[in-house]
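Written below as structure tokens is the structure these notes are about.
Sequence lines set the chain letters: A, B, ... in the order given, protein chains first and strands last, and positions in each chain run from 1. All values below come from the heavy atoms of this structure, side chains included, with hydrogens, waters and symmetry mates left out. Since we're looking at a predicted model, the values are computed, not measured.
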Amino acid sequence: MADLLFPHIDKTPEYYEGKYPQRQLPEGAKVTRVAPSPTGFIHMGALYAAVIPERMAHQSGGVFFLRIEDTDKKREIEGGVSEIVKSFAHYELKFDEGMTGETTEKGIYGPYKQSERKEIYQTFAKMLIEKGLAYPCFCSEEDLNEIRAKQEELKQNPGYYGQYAKHRNATFDEIKSELDKGTGFVLRLKSPGKPENRIVIDDLIKGEVEMPENDQDIVLLKSDGIPTYHFAHAIDDHLMRTTHVIRGDEWLSSAPIHVQLFEILGWEKPRYAHVPPVLKMEGTSKRKLSKRKDPEAAVSYYSEQGFPVESVREYLLNLINSNYEEWRMENPTDQNTEFIVDLSKMGTSGALFDLVKLTDISKDRIALMSANKVYDLALQWAQQFDIELAEQMRNNEAYTRAILGIERGGDKPRKDIAKWSDVKGYLGYFYDNWFEEYTKEGYEFPENLPNSDVLEVLEAYKNTYNKADDKDTWFERAKTAAEGLGFARDAKTYKKDKESFKGHIGDFMSVIRVAISGRKNTPDLYELLDIMGEERLQARFEKAIKSI
RNA sequence: GGCCCAUUGGUCAAGUGGUUAAGACACCGCCCUUUCACGGCGGCUACAGGGGUUCGAACCCCCUAUGGGUCACCA
């Protein structure tokens, strides 16, 4: 009968067992994979779920590979594989084997695209038929609907099993006659399971989960000869010698099927780890991040916003193991790959994706980067997403690098930038042409000072500033100048006796700050003045004076 | 509905029979201060509910509630 169903299959399971030998890896090395369908962009949830197996493999000296599960041609999109490869590469997930492009791959356990593995699946399917563990089912969709309707009526479990498995015990002649008629068929598993038997899945994340044994005669091969997920999973992960199947927890409930498949095939089972989904807040309740409903969950969104890859990885690691944060505090400058991910420390219930936390983590990361690194990464981003900024940065390279170095590198670095799209707002006023634009409507000098005082301050300071001063000298000089115009040297003095002063040093500085930057808040004024250079300062002072 | 999983502050979460129930983010206040940012200090707010077991329960058991997943020739 096997030959009748699959006459073209001439290889044997042994052939493939030989072709894909056991991997020679050190003790404890894990072989893991990520196996997405090419159905669209990669979203945060998928990235999250991919980081885990990647870490498990690489931190154990094992192998991590990318397999494409394209057995559903209806849902596939064009360029889907490239999109996946590109997204994972961008987030520094390094695959040792698997797809490297739409049609290219590396590794000796391939093909890594399921649609290319039809013969392999059918070889094993043929064997199962020979052993009486699988059989063709000729039911039409209508037949199946009928069965389900009946089951619903009787309040029984829906599905194709036991007494409802119409073709389970068909004779050779019955099958042959259907085949001769040209009736299409799917290949079903002849499940030996009984639901009253309980099995235990020892899940690396969820712990021991007890479930009823599978008794469904699930579809192994669809009518087009392509396998379902279940069958492909068993065949592929066995032949590719996967040791740890780490996947979304939506698979947990079909794990009994998978366990059964491995048992029937006589293979050693992989360890399983079912990772909880990343959630999103919707109204007052949480729900799983959805590719279809949440376009903002696409990883490309975070690239466009300019969150550094490092920050996103950092945040994800933080969700994976909450002790990551502790580790990071102790090892602020280590690569995040130094952290050891521990599956048993993972939360079992699914975490909300928190943009605020990502932002905070990202600020910390960027604060620790050198000015040059910030420049390079920001420019790289700008070239793709903000051409104007990129030009500005390139045209004023040394200047920009200096600006980015303000208050950087010390014990208390600034944290103004969480993502590259913040850069423009942070330093835009340094560039003269943008400064012109920003101050078109005039300046916002401190409200408590009359224009005459503002003018006085500007006139006085224009000639006071000396680029050669070190910071203390500079500040002293400013204080003295302020005092000369009737300002208090410090805020405390002013508070004690407000009547005697026009304001305090803060007000004085504020005037200067607004005049040269067009805004009330800036990084340290001393550094700012220093970087801008005397020529630019004089020009800006003149401009401000004229505006009053 | 069946089967599974989950439920500690607004969020991420430590915690596995005896804790003043950590920490981080957010928020609020104060301090530092040339503004901002940083930093420091302090505050806010939590064991879903009910029964057991126990000298003692966030931790163990049962029930309920809520949320999630899954029950396809989709993955």
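The environment of CD in A:Glu119 is sparse: at most 12 heavy-atom neighbours from other residues, nucleotides or ligands sit within 6.0 Å.
For A:Ser349, the listed nucleotide lying nearest its side chain is B:U7; candidates were B:U35, B:C12, B:U7. Considering only the side chain of A:Val356, B:A26 comes nearest among B:A26, B:U70, B:A75. Between B:C5, B:A75, B:U34, one nucleotide has an atom nearer to the side chain of A:Val209 than all others, and that is B:C5. When the nucleotides B:C12, B:G23, B:U34 are ranked by their closest atom to the side chain of A:Leu319, B:C12 comes out on top. Between B:A24, B:A37, B:C4, one nucleotide has an atom nearer to the side chain of A:Lys357 than all others, and that is B:A24. Checked against B:U35, B:G23, B:C73, the side chain of A:Arg188 finds its nearest nucleotide in B:C73. Of the candidate nucleotides B:U34, B:U11, B:C73, B:C73 has the atom lying nearest to any side-chain atom of A:Ser223. Of the candidate nucleotides B:U35, B:A75, B:C71, B:C71 has the atom nearest to the side chain of A:Pro158.
One N or O donor and one acceptor, one from the side chain of A:Lys471 and one from the base of B:U34, sit under 3.5 Å apart. The base of B:U35 lies outside donor-acceptor range of the side chain of A:Arg519, with no N or O pair under 3.5 Å. Below the 3.5 angstrom threshold, one finds no donor paired with an acceptor across the side chain of A:Ser322 and the base of B:C12.
Taking the ring axis of A:Tyr160 as reference, the NZ or CZ atom of A:Arg188 stays within 45° of it and closer than 6.0 Å to the ring centre. Cation-pi contact between A:Arg540 and A:Phe435: present, with separation from the ring centre below 6.0 Å and deviation from the ring axis of at most 45°.
Under the 3.5 Å distance criterion, with hydrogens and angles disregarded, no donor-acceptor pair is assigned to the side chains of A:Asp72 and A:Tyr229.
Contact annotation: A:Lys222 side-chain N/O to B:C74 OP1/OP2 distance is under 4.0 Å. Checking the phosphate oxygens (OP1, OP2) of B:C71, no side-chain nitrogen or oxygen of A:Arg148 falls inside 4.0 Å. Here A:Arg287 does not reach the OP1 or OP2 of B:U66: none of its side-chain N or O atoms lies under 4.0 Å away. OP1 or OP2 of B:A75 has at least one side-chain nitrogen or oxygen of A:Thr71 nearer than 4.0 Å.
What separates CG of A:Asp472 from P of B:U34 is a distance of 12 Å, to the nearest Å. A:Gln216 places its CD atom 11 Å from the C1' atom of B:C3, with the value rounded to the nearest Å.
Contacts of A:Val186 with the nucleic acid, taken as non-hydrogen atoms under 4.0 Å apart, include base atoms. A:Arg198 comes within contact range of the sugar-phosphate backbone alone, with a heavy-atom separation under 4.0 Å but no base atom that close. Note on A:Leu525: a base of the nucleic acid sits closer than 4.0 angstrom, heavy atoms only. Using a 4.0 Å heavy-atom cutoff across all strands shown, A:Pro227 reaches sugar-phosphate atoms only and no base atom. Using a 4.0 Å heavy-atom cutoff across all strands shown, A:Arg67 reaches no nucleic acid atom at all.
Residues from residues 409-421 of chain A lying near RNA chain B, meaning a heavy-atom separation below 4.0 Å, are A:Lys412, A:Pro413, A:Arg414, A:Lys415, A:Asp416 in numerical order.
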Check: How does RNA chain B look in dot-bracket form if you count Watson-Crick and G-U pairs under 3.5 Å, write [ ] for pairs that cross, and put | where a base pairs with another strand?
Finding: ((((((((.[[[..)..(....]]].(((((.......)))))....[[[[[..)....]]]]])))))))....

Give every donor-acceptor pair under 3.5 Å between a side-chain atom in residues 41-49 of chain A and any protein atom, sequence neighbours left out.
{"from": "A:His43", "atom 1": "ND1", "to": "A:Gly45", "atom 2": "N", "distance (Å)": "3.4"}

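Only one option out of A:Leu221, A:Ile175, A:Leu179 pairs with A:Phe185 in a side-chain contact (heavy atoms from CB on, under 4.5 Å); it is A:Leu179.
In summary, the aromatic rings of A:Phe487 and A:His504 are positioned with their centroids too far apart to meet the 6.0 Å limit.
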